[in-house]
Undergrad: 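Okay, here's the structure, questions in a sec.
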Amino acid sequence: MTDIRIGAAGVAGAGQRSQDERLRAAAKEFEGVFLAQLFKEMRATVPTEDEGQGQEMFTAMLDETLAREAAARSEHGLGDALYRQLAARLAPNITETGTGHGDGSR
């Protein structure tokens, strides 16, 4: 799982870029989790004959893998939208003062 905590250490330069990369990775990972849940719920609507525990496990692993790949390959999906929203809200606070408080009122 990706660490999405944002701290004051490493705010400028390379630290800022790695924070941006971590945020993007966390947004893509969230999209993968969302898609996996979506696939699981969609699969639950399809009537099936009795599946064994092994087949259920395989199907769940397949859905997770497909969801992760779909999220990684999407260019305009939920992960990108989430990243844009979070980056827009975090960037001014980080770059203005370097402390995480944009206006000093917090």
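Here, residue 1 is the first one in the sequence, and each next residue gets the next number.
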Undergrad: Taking side-chain hydrogen bond (donor to acceptor under 3.5 Å, both in side chains) as the test, write out the residues that go with Q53, two or more places apart.
TA: none
Undergrad: Taking all heavy atoms of D80 and all of S74, pick out the closest pair and write down the distance.
TA: OD2-O, 3.6 Å
Undergrad: Using the test side-chain hydrogen bond (donor to acceptor under 3.5 Å, both in side chains), find all partners of Q37 that sit at least two apart in sequence or belong to another chain.
TA: E41
Undergrad: Please check if the number of heavy atoms outside F34 that lie under 6.0 Å from its CZ is greater than 12.
TA: no
Undergrad: If you round to the nearest 0.5 Å, how far is CZ of F39 from OG1 of T59?
TA: 13.0 Å
Undergrad: Who passes side chain to side chain contact (heavy atoms under 4.5 Å, CB included) against E56, sequence neighbours left out?
TA: E51
Undergrad: Looking at residues at least two apart in the chain, or sitting in another chain, which of them share a side-chain hydrogen bond (donor to acceptor under 3.5 Å, both in side chains) with R24?
TA: Y83
Undergrad: Pairs in or reaching into residues 57-73: which pass salt bridge (Lys or Arg N to Asp or Glu O under 4.0 Å), with residues at least two apart or in two chains?
TA: R43-D63, E69-R73
Undergrad: How close do A67 and G32 get, counting heavy atoms only, and between which atoms?
TA: CB-O, 3.4 Å
Undergrad: Hydrophobic side-chain clustering at under 4.5 Å (ILVMFWY, transitive links): who's grouped with M61? Put none if nobody.
TA: M57
Undergrad: Verify, without hydrogens or angle tests, whether K28 (side chain) and A71 (backbone) share a donor-acceptor contact under 3.5 angstrom.
TA: yes
Undergrad: Going by side chain to side chain contact (heavy atoms under 4.5 Å, CB included), name the residues that satisfy it together with L82, two or more places apart in sequence or in a different chain.
TA: A27, F30, L86
